[in-house]
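Single-structure report; data block below.
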Protein chains: 2
Amino acid sequence: MPMQDMHPVHHECGDCPIRHRAVCARCEADELSRLEQIKYYRSYQAGQTVVWSGDRMDFVASVVSGIATLTQTMEDGRRQMVGLLLPSDFVGRPGRSTAAYDVTATTDLVMCCFRKKPFEDMMLSTPHIGQRLLEMTLDELDAAREWMLLLGRKTAREKIASLLAIIARRDATLKLKAAKGPLVFDLPLTREEMADYLGLTLETVSRQISALRREGIILLDGKRHVTIPDFDLLLEEAGDDSDGGVLG
Amino acid sequence: MPMQDMHPVHHECGDCPIRHRAVCARCEADELSRLEQIKYYRSYQAGQTVVWSGDRMDFVASVVSGIATLTQTMEDGRRQMVGLLLPSDFVGRPGRSTAAYDVTATTDLVMCCFRKKPFEDMMLSTPHIGQRLLEMTLDELDAAREWMLLLGRKTAREKIASLLAIIARRDATLKLKAAKGPLVFDLPLTREEMADYLGLTLETVSRQISALRREGIILLDGKRHVTIPDFDLLLEEAGDDSDGGVLG
DNA sequence: CAACAGCCTTGACCCAGATCAAGACCAGGA
DNA sequence: TCCTGGTCTTGATCTGGGTCAAGGCTGTTG
């Protein structure tokens, strides 16, 4: 086993199986080494497609670095993003052999993969992993339902504000930053990708971002670099009551 | 144990824990009797609220008969349905003590409940149940993602056609009916509830249903009784490519 | 350097679906 | 029997966001 693939039992690395760091507290060296044996890495360049909907997909994976999206496309080309995968998020479904969505790398992407069959075997023999996976899936379901409220009932302005809040919050979480003070980050999505996320056109996305900038709710440096001087102000525009975190 | 609560190991009843009939093939009499000991029934009238979002919820449950909905509401009253629960569907989240959504009975409803603590204990000692729950949650996540495509990108007409297709399909499944021939069923939702499902207003729902009726794609007897002479014709209007089942 | 390609912005106009309003239908209660 | 309230339909009008079109900005390639 190469050096960089070894780590202690209670490691904190981002490439662990199904956010493995959260499981480690109770896991055994034995489990870990079994996971080590079936894992491998894959890298993709920004814009590359990981799998197409309907393709055979014989692995599950977790995002190590970079950002990936899940999208659905109708025959006439209308697209809807249905998942946004940030580092530590899980991709793939145990018990299914073909991908249900297009998976695309929107930035350079590294994933930690597990061949499906051995992974499923491990799930059977190691209840922790299944439990952790259930927890993560339930979180994703909650996020999807928050997203449904956004798609069905929010205005364009509220949609943009919500998306910026989601990205800002997740970015702050990843950086382990304190909640207060202005938030600064780079948008990981193009205007078109944001439109696909929000059920809008890219023109509307552009217009609403310009409006928020004009009104001082966000600051823009270039097209991607965002500063949020007052997060509460942004949340007000988003129309959220609960400010529970929403993820991909 | 009262007579009506006893059943053989490979029963087919609809009130079983987390669609228990699907687990039975591999479950033991022992497990079953433990489940029997922690289960109880609750009934609600049409229109009654089961729990409000934010309320304490110390049970998980599966729908025995009738229909329930999960909805989210914004402060100004905009509502979005985020789940439609038909018989055998599961409600509640292990590991969370308050409800995240309003749960409402839209028809008379019977649920088979399990107090949360003993249910969670059982999950730990009985891997089957956790596995089955993971499977069901993944199905729900897929359904939610299909729903997101509907909310974000479909026209009003496509939304209505999709909803009718979903209800017709699930209804046929519950009745174990053959796929061919005209489908006949009663709409379990008011126009307003359909609107909340689809991210539309009730007027638009009404107009689009009228349009589909005028064009012979559906037949209406009264306001609720629907006949679909040709299911494929309906699917065409729905704009679906995959005709995989979508559920609540 | 110019030419080009991606990405983004802004304007002008249009239309699907929201909003506002009026009434139809139907079941239940007095 | 007539009310009454809930549900549904239909019409008239309005508007948020889509569509079409014309550039602007920036980085890359020759």
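Order of the sequence lines sets the chain letters (A, B, ...), proteins ahead of strands, with each chain counted from 1.
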**OP:** Report the distance from atom CD1 of B:I160 to atom P of D:dT9, rounded to the nearest whole Å.
**Re:** 10 Å
Subject >> A:R79 CZ - D:dG18 P separation (whole Å) >> reply: 16 Å
Original post:
Taking the inter-plane angle between the rings of A:W147 and A:Y197 on a 0 to 90° scale, is it parallel (under 30°), tilted (30 to 60°) or perpendicular (over 60°)?
Top reply: parallel
Subject >> A:E140/B:R145 ion pair, N-O < 4.0 Å >> reply: yes
**OP:** Starting from P on D:dT7, measure out to CG on B:D196 and report it in whole angstrom.
**Re:** 13 Å
Original post:
Reading nucleotides 9-24 of chain C from the 5' end, what letters show protein touch, with B for base, S for backbone sugar-phosphate only, - for no heavy atom under 4.0 Å?
Top reply: BBBB----SSBB----
Subject >> Atom CZ of B:R224: over 12 foreign heavy atoms under 6.0 Å >> reply: yes
Subject >> Heavy-atom pair of closest approach, residues B:T104 and B:G47 >> reply: CG2-O, 4.0 Å
**OP:** Mind calculating the distance between CE (B:M194) and C1' (D:dT7) to the nearest angstrom?
**Re:** 13 Å
Original post:
Where is the tightest heavy-atom contact between A:L235 and A:A165, given as atom of each residue plus distance?
Top reply: CD2-CB, 4.0 Å
Subject >> Rounded distance (Å) that lies between atom P of C:dC7 and atom CG of A:L189 >> reply: 13 Å
Original post:
B:D221 has an atom CG; how far is it from atom C1' of D:dC8, in whole Å?
Top reply: 15 Å
Original post:
Going through the distances and angles, do A:K154 and A:S162 end up as a side chain to side chain donor-acceptor pair (under 3.5 Å)?
Top reply: CA-CA 9 Å; A:K154 289 189 177 179; A:S162 298; 3.0 Å; yes
